[in-house]
Amino acid sequence: MASAPSKLYSDDVTLVVVLLDTNPFFWSTSSFSFSQFITHVLVFVNAILTMNQLNQVVVIATGYNSCDYIYDSSLASNQSFGNGRMPALCANLLQNLEDFMVKDEQLGKEESEGRITCSLLSGSLSMALCYIQRIFRSGSLHPRPRILCLQGSPDGPEQYVAIMNAIFSAQRSMVPIDSCYIGAQNSAFLQQASYITGGVHHKPQQLDGLFQYLLTIFGTDLHSRNFLQLPKPVGVDFRASCFCHKSTIDMGYICSVCLSIFCKHHKKCSTCGSIFGQAQSDDASATNRKRKTPDL
Amino acid sequence: MKNSDGRRLNGEAEEEDDDEEDMNIEAWERSYAEDRSWEALQEDESGRLRPIDESIISHAQYRRRLRARSLTATTARIQKGLIRYLYIVIDLSRAATEMDFRPSRMAVVARQVGAFIREFFDQNPLSQVGLVTIKDGIAHCLTDLGGSPESHVKALTGKLECSGDSSLQNALDLVHGLLNQIPSYGHREVLILYSALSTCDPGDIMETIQKCKKSKIRCSVIGLSAEMFICKHLCQETGGSYSVALDESHLKELILEHAPPPPAIAEFAIANLIKMGFPQRAAEGSISICSCHKEAKVGVGYTCPRCKARVCDLPTECRICGLQLVSSPHLARSYHHLFPIAPFDEVPPSHLKDLHNRSQSTCFGCQQSLLSPGNKPGLCVACPKCKKYFCLDCDIYIHESLHNCPGCESLRHSNPVATNEE
């Protein structure tokens with residue numbers, strides 16, 4: 001692919017890094033089965049690859065205990081694989097996916113059964129960004145990369161910092177993160193990710209028609225998006241939740257040393273251990289203090 | 001011929017306001033003297049000249065970063081000055097017209113400061129910057145402290161003129177007065193870009209330095225010509241750093257070193273709780289007059305949770321009630337300073353010999369082969385925690401932009417730090 005003549009490179013040559021949620025805890029509870037899901041995704045990946053001969057797709061599995069690359073369309077090994085029954089792409093991807101799922105399960109056995117059911121989105125996002133940086137390094141002619149998260153598991157609060165780091169890094173290198181959420185409740189992380197990086201977030205109403213959603217919304221390349229009316233973000237909530245009660249707040253107190261968020265005034269920061277001086281600095285007038293009591 | 005004549009004429013015109021000692025350089029010599037082409041060459045072991053290898057430079061940067069990281073890691077609890085009030089002092093005295101930086105020191109400084117301001121706000125979204133210039137021995141405030149990069153960058157791209165002498169004391173006095181008004185939890189910092197080799201002061205500069213020290217203003221200086229005692233003394237007294245730039249890329253590097261927040265020294269700023277508001281986005285289609293531009297706008301902006309005034313952009317301070325307004329991503333942008341990832345260890349060549357047999361013959365991050373051409377093991381690094389191998393490019397990207405180790409993030413383990421911070 002690297003030797004492709006430059007005139008073939010137009011605005012719409014695309015690299016899509018698909019992050020596939022393979023969390024068994026989610027799929028066992030979902031009404032939409034994993035095999036149905038994979039069928040839709042395989043057709044979608046094929047569609048992307050056939051839309052432009054220079055398009056590239058990388059699939060990363062987001063598991064419960066690990067993350068790994070399971071498919072890369074730029075690798076030469078894809079073409080020679082397959083015994084005629086199935087297209088090389090499907091055979092290769094499914095084989096790797098199966099290996100990955102088995103390994104992921106084995107890793108889980110060593111650890112005690114946790115009640116957390118989130119998948120390792122921060123890991124697969126970080127891997128996708130590393131891969132995209134490699135594409136950026138590869139020369140002046142490279143496909144325009146984007147990330148597509150196909151996520152069903154709920155958000156894992158302990159991944160917050162890592163996911164935000166990944167989002168800001170994607171924003172800095174202008175990589176949009178598209179997200180398609182197929183779980184029950186909506187994901188605040190993915191909404192923020194798409195909003196900050198300029199990607200599209202969508203939660204399909206009818207999962208049976210997943211392929212149609214994928215193709216019409218997430219199949220569009222970045223150049224065509226300028227001319228299309230894609231779903232707009234509605235109601236992205238940027239309010240913070242306090243570290244002490246995990247409740248969403250409008251107004252709060254921020255530790256000046258570590259930026260921890262608290263809903264009321266404390267003597268000592270529970271995160272960094274700094275001891276605070278008076279309630280507010282000089283600019284806090286008496287009126288502020290009076291107002292504070294009804295707020296609490 | 002015509003061209004070279006033209007250059008010659010230009011050269012002579014420049015010489016008139018330059019120092020007299022340049023007069024005896026011919027025009028053809030001047031082009032070499034200014035080009036400094038020899039700086040792009042280096043000698044190898046056998047004494048032959050070679051162009052400087054880019055990968056060596058990036059690797060050297062990586063090593064320097066590693067050193068800096070391990071220094072900060074020695075302090076048990078990392079506390080950093082995340083809320084900074086920084087004044088950038090730009091010396092626009094006669095010395096700033098010197099052309100050892102191209103096209104001139106002034107233009108180079110303006111360009112680099114513009115880039116720095118954007119990087120600064122990217123890394124310190126809750127901080128504020130102001131610009132001060134020194135000209136004709138007097139310090140002027142070019143822009144007031146503010147939280148938006150645009151106004152500062154605009155001021156820098158405007159017409160800047162250089163003349164007269166430089167005065168360190170006047171600049172420090174002005175900045176000292178301005179920084180004394182900020183709240184006590186903020187970190188007060190001054191970054192001086194000093195072109196001149198002298199300072200022309202109205203009084204005793206030592207007193208001013210002591211005054212700055214007392215007000216806990218951290219002063220740092222980047223020199224553009226040569227090291228000066230007074231600058232070094234100033235930085236030593238106030239806890240700042242002093243460095244002298246060799247060329248433009250070095251200057252850029254030195255300036256950008258000031259973008260990440262400095263480690264907080266407990267006595268420099270008093271820890272405090274700051275009251276902040278997290279405004280919600282205004283509903284689509286609602287019409288209101290924003291308090292910042294005084295214009296009626298449809299559906300854009302945020303509503304202050306205390307006084308319900310409309311503002312266009314975050315982070316900002318509410319014009320009506322003075323509440324600091326931020327959104328949670330602004331806070332999250334700073335968290336990586338508090339939870340830095342450990343520097344990766346270089347993998348010794350002996351370990352790499354069996355790379356062929358290992359499953360890890362590709363970089364864990366980007367899947368690039370870790371074998372250099374000829375199937376010989378190349379340089380690579382490993383994360384001390386998850387033991388995954390990474391290529392050097394990924395190493396730099398991970399530490400300078402991503403701030404996540406892909407290997408650690410894609411392993412489920414009860415990380416005590418990660419659970420504590422939530």
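The sequence lines fix the lettering, A, B, ..., with proteins before strands; numbering per chain opens at 1.
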Cut-off 4.5 Å, heavy atoms of chain B, and the answer for A:M127 is both

At a heavy-atom distance under 4.5 Å, which candidate from B:G365, B:C405, B:P279 has the highest pair count against chain A? B:G365

Side chains of A:S119 and A:N23 only: does a donor on one sit below 3.5 Å from an acceptor on the other? no

Find the one option among B:P406, B:P329, B:A332 whose heavy-atom pairs under 4.5 Å with chain A are most numerous. B:P329

Closest-packed option against chain A by number of heavy-atom pairs under 4.5 Å, given B:Q368, B:Q324, B:H330, B:H336: B:Q368

Regarding A:S169 and B:Y397, do their side chains bring together a donor and an acceptor under 3.5 Å, going by distance alone? yes

Could you tell me which portion of B:L325 (side chain, backbone, both or neither) has an atom closer than 4.5 angstrom to a non-hydrogen atom of chain A? neither

Taking the ring of B:Y335 and the ring of B:H403, is the distance between their centroids below 6.0 Å? no

Most heavy-atom pairs under 4.5 Å with chain B, out of A:L129, A:T62, A:I254, belong to A:I254

Comparing B:G277, B:P261, B:S334 against chain A, the one with the most heavy-atom pairs below 4.5 Å turns out to be B:G277

Sort A:I196 into side chain, backbone, both or neither according to what part of it lies under 4.5 angstrom from a heavy atom of chain B. side chain

Where on A:I135 is there a heavy atom nearer than 4.5 Å to chain B: the side chain, the backbone, both, or neither? neither

Name the option with the most non-hydrogen atom pairs under 4.5 Å to chain B; the candidates are A:Y131, A:F168, A:F262. A:F168

Centroid-centroid distance, A:H201 to A:Y195, less than 6.0 Å: no

Is it true that the side chains of A:Q151 and A:S179 contain a donor and an acceptor less than 3.5 Å apart? no

For B:K388 and B:G407, work out which heavy atoms get closest and say how close. CG-CA, 4.0 Å

Do B:N272 and A:S256 pair up side chain to side chain, a donor and an acceptor below 3.5 Å, judged on atom types alone? no

